[in-house]
Enquirer: 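Below is the structure I would like to discuss, written out as structure tokens.
In what follows, chains carry the letters A, B, and so on, assigned in the order in which the sequence lines appear, proteins first and then strands, with residues in each chain numbered from 1.
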There are 2 protein chains.
Amino acid sequence: MTINDVAARAGVAPSTVSRALSEPGRGNPATRERIRAIARELNYVPNSQAQALSSGRTGTIALLVSDVTNPFYFGIIRGTQQMSKAAGLAEVLIDTEDSPDLEGDMLRKMRRSLDGAILASSRLSERALIRLAGEIPLVTINRNVRGLPSVVIDSPDGIAQAVEHLVSLGHRDIVYVSGPETSWSNQARWHAMRKAAAKHGLEFRRVGPFARGRSSGTAAADAVLNSGATACVVFNDLLAIGLLTRLAERGVAVPGRLSVVGCDDIFGADFCHPPLTTLSGPAEQAGRAAVSLLLGRLGDPRAPAARRAVLLPTHLTVRESTGPA
Amino acid sequence: MTINDVAARAGVAPSTVSRALSEPGRGNPATRERIRAIARELNYVPNSQAQALSSGRTGTIALLVSDVTNPFYFGIIRGTQQMSKAAGLAEVLIDTEDSPDLEGDMLRKMRRSLDGAILASSRLSERALIRLAGEIPLVTINRNVRGLPSVVIDSPDGIAQAVEHLVSLGHRDIVYVSGPETSWSNQARWHAMRKAAAKHGLEFRRVGPFARGRSSGTAAADAVLNSGATACVVFNDLLAIGLLTRLAERGVAVPGRLSVVGCDDIFGADFCHPPLTTLSGPAEQAGRAAVSLLLGRLGDPRAPAARRAVLLPTHLTVRESTGPA
DNA sequence: CTGAAAGCGCTAACAG
DNA sequence: CTGTTAGCGCTTTCAG
């Protein structure tokens with residue numbers, strides 16, 4: 001079942017079928033409809049490999065995440081899938097396993113089979129990103145790189161809210177529990193923390209860095225306790241949940257003895273114990289926005305990388321892990 | 001940078017390069033190595049669309065799940081990705097949004113661009129599955145269909161363990177909280193429940209069906225309470241966690257007043273409150289096994305659908321949501 | 001073992 | 001507006 005079969009059946013040239021099927025406005029509407037009807041009746045499905053080979057457009061984009069099974073990406077995945085489906089694009093999800101090398105290799109290898117890629121929390125260096133962007137349209141999420149379109153969820157603003165919240169509860173000794181130093185978000189949050197602390201005349205302190213997994217929570221909890229702080233803001237929810245677990249093990253009351261604020265409001269943040277006060281962001285929207293930006297680059301590949309950067313707001317969701325000092 | 005460039009540089013025919021690069025054993029080892037060196041040096045990456053078009057093999061398989069953001073699939077996703085990467089296959093993750101129609105359409109549309117597909121918890125009818133299997137190699141997970149290779153995580157066996165556990169704690173009135181009736185796993189668990197109840201001389205009861213999401217937990221909790229049972233086995237952890245939340249809201253002590261057993265041991269089951277006693281299965285292994293089965297079908301497409309069915313064991317993980325009656 | 005040649009199914013100029 | 005003619009980059013007979 002090829003385009004030729006359809007053409008033969010309709011008594012027209014293959015190229016006419018091609019146009020009828022994939023060039024909306026052009027061609028005689030009557031013949032176009034006739035051809036479409038025949039194609040449908042014949043149950044014809046275009047061969048996307050052939051389309052890609054000949055046109056250069058693959059109709060496929062990729063979403064790269066450092067770990068598919070990190071609930072942090074849930075919203076982003078949902079958002080991008082939603083939007084790319086709406087745009088008639090296929091989306092492949094790629095797990096970079098937190099490795100910059102793997103990330104780069106994947107992109108390079110798949111370059112020809114993709115129209116573009118969205119990097120959620122890229123681990124690549126700025127240099128590498130810029131170079132890759134020359135070979136394939138790229139959009140980043142939660143990572144700002146000069147000249148690359150990006151969408152970032154504005155956690156700094158949320159961090160300020162979190163500190164405000166803690167200060168209003170009487171906390172004067174707040175520590176930041178740092179994630180990996182290579183993480184762009186971690187940097188951003190840390191700086192926001194410092195700024196917020198200064199604003200309230202507090203001393204800025206931090207413990208870490210810790211790996212981003214839940215298991216690092218043990219070490220993190222011990223470090224926080226050791227610091228003597230009465231409250232902490234944790235790099236992300238995964239780590240915060242791990243920390244909560246350890247705190248329970250050690251019999252430390254939350255929020256009685258220690259208040260805990262997480263970041264990202266992932267799946268689980270609402271049902272862990274105690275439910276976590278955390279920063280919520282519009283992750284789905286971020287995903288949709290990223291695809292939109294990519295779509296913009298796709299329409300006109302030679303466009304000057306419309307250096308649009310979308311900044312999305314976050315807000316503090318107060319649950320039960322924070323309380324009076 | 002095409003195969004022709006490499007050929008020109010090496011002073012051989014394109015066909016020779018093609019063989020050197022993708023036919024392991026054949027050709028003169030010396031020239032093969034020379035060509036490979038040149039290809040590497042030229043940073044040549046084969047165009048997979050062209051390969052696919054001409055050879056018919058796409059080097060891509062798909063994993064279809066009903067909802068990418070359901071933590072139940074985490075392990076399976078990990079396992080399949082691991083195995084397909086090892087086999088040099090690309091894997092695309094497709095979200096069928098719980099819709100049989102979408103699932104079928106997707107498979108039909110992508111048929112030509114896939115070497116095969118793995119269906120994790122397919123919602124398609126047996127008829128539809130068998131028909132599709134004729135067009136593209138298929139492997140199912142947690143769904144047994146005559147003639148299709150499948151891997152199923154043996155929850156019935158685990159259910160028996162769960163009932164045993166509850167009975168040994170003195171429970172005589174155990175209710176099964178049912179998931180959607182269209183779910184194959186739900187059927188399997190329900191039957192296992194009935195059998196286990198009979199074995200212990202208990203009356204078999206169930207409430208539901210409920211939707212599989214966390215939000216259905218509210219209704220489920222109320223129904224269970226209303227049933228007067230002292231323990232329940234819940235279709236899956238998502239629902240069980242929702243139920244736990246509602247129980248807490250109503251001030252019902254778990255496991256004091258009611259013991260709860262979930263199924264699947266998803267992300268979150270260990271840190272919800274109280275931590276959930278649940279059935280754990282080797283999800284990653286299931287994913288790997290599914291890819292293996294598919295690989296078998298791929299090697300020899302005309303093979304008689306080696307109706308192998310892999311059955312993986314589950315075990316009960318006891319946490320704190322179960323206790324004496 | 002290697003080269004030449006013929007496509008895979010489609011799109012994209014270019015004519016008509 | 002439609003048909004004709006070339007390929008896209010690769011694999012695969014088929015000869016040599």
Enquirer: Can you figure out which of D/dG3, D/dC10, C/dT11 approaches the side chain of B/Y44 most closely?
Expert: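 From the listed options, D/dC10 comes nearest.
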Enquirer: Closer to the 5' end of DNA chain C via nearest nucleotide, is it A/S54 or B/A50?
Expert: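 Upstream on the strand: B/A50.
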Enquirer: Can you tell me how far P of D/dC10 sits from CG of B/L53, to the nearest Å?
Expert: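 Rounding to the nearest Å, CG of B/L53 and P of D/dC10 are 12 Å apart.
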Enquirer: B/N28 or B/S55: which one's nearest nucleotide on DNA chain C is closer to the 5' end?
Expert: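 Nearest-nucleotide comparison on DNA chain C picks B/N28.
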Enquirer: Expressed in angstrom and rounded to an integer, what is the separation of B/N4 atom CG from D/dC10 atom P?
Expert: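 One finds 7 Å between P of D/dC10 and CG of B/N4, rounded.
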Enquirer: Using whole Å, report how far CG of B/N47 lies from P of D/dG7.
Expert: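 Nearest whole value for this atom pair: 18 Å.
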Enquirer: Specify whether B/F74 and A/F74 have parallel, tilted or perpendicular ring planes, treating 30° as the upper limit for parallel and 60° as the lower limit for perpendicular.
Expert: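 Perpendicular.
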Enquirer: Atom CD of B/E23 to atom C1' of D/dT11: distance rounded to whole Å?
Expert: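 That distance rounds to 9 Å.
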Enquirer: Where is the tightest heavy-atom contact between B/R112 and A/Q49, given as atom of each residue plus distance?
Expert: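 Here B/R112 and A/Q49 meet closest at O-OE1, 4.0 Å.
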Enquirer: Do A/N47 side-chain atoms and A/A50 backbone N/O form a donor-acceptor pair below 3.5 Å?
Expert: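 Here the side-chain-to-backbone pair exists.
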Enquirer: Measure from CZ on A/R57 to P on C/dT11 and round the result to the nearest Å.
Expert: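 Roughly 8 Å, once rounded to whole Å.
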Enquirer: Would you say B/S18 reaches D/dT11's phosphate, i.e. side-chain N/O to OP1/OP2 under 4.0 Å?
Expert: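 Yes, because at least one side-chain N or O of B/S18 sits under 4.0 Å from OP1 or OP2 of D/dT11.
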Enquirer: With A/F72, which of A/D67, A/V65, A/I266 fulfils side-chain contact (heavy atoms from CB on, under 4.5 Å)?
Expert: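 With A/F72 as partner, side-chain contact (heavy atoms from CB on, under 4.5 Å) holds for just one option, A/I266.
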Enquirer: Using atom CE of A/M1 as one end and atom C1' of C/dC10 as the other, report the distance to the nearest whole Å.
Expert: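 Distance check: A/M1 CE to C/dC10 C1' gives 15 Å.
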Enquirer: Take atom CD of B/Q49 and atom C1' of D/dG9, then tell me their distance rounded to the nearest Å.
Expert: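 After rounding, the gap between these two atoms is 10 Å.
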Enquirer: Tell me: CD1 of B/I3 to P of D/dG9, nearest whole Å?
Expert: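 Value for this atom pair: 11 Å.
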Enquirer: What I want to check is whether an N or O donor and acceptor connect the side chain of B/R112 with the base of C/dG9 at under 3.5 Å.
Expert: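 Donor-acceptor pair under 3.5 Å: no.
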Enquirer: Would you name the heavy atoms of B/R143 and B/S125 that are closest together and state the gap between them?
Expert: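 Nearest heavy atoms, B/R143 then B/S125: NH2-C, 3.8 Å.
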Enquirer: Would you classify B/S15 as touching base, sugar-phosphate or nothing, given that sugar-phosphate means primed atoms plus P, OP1 and OP2, and contacts are heavy atoms under 4.0 Å?
Expert: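 Base: the residue B/S15, judged by heavy atoms under 4.0 Å, touches a nucleobase.
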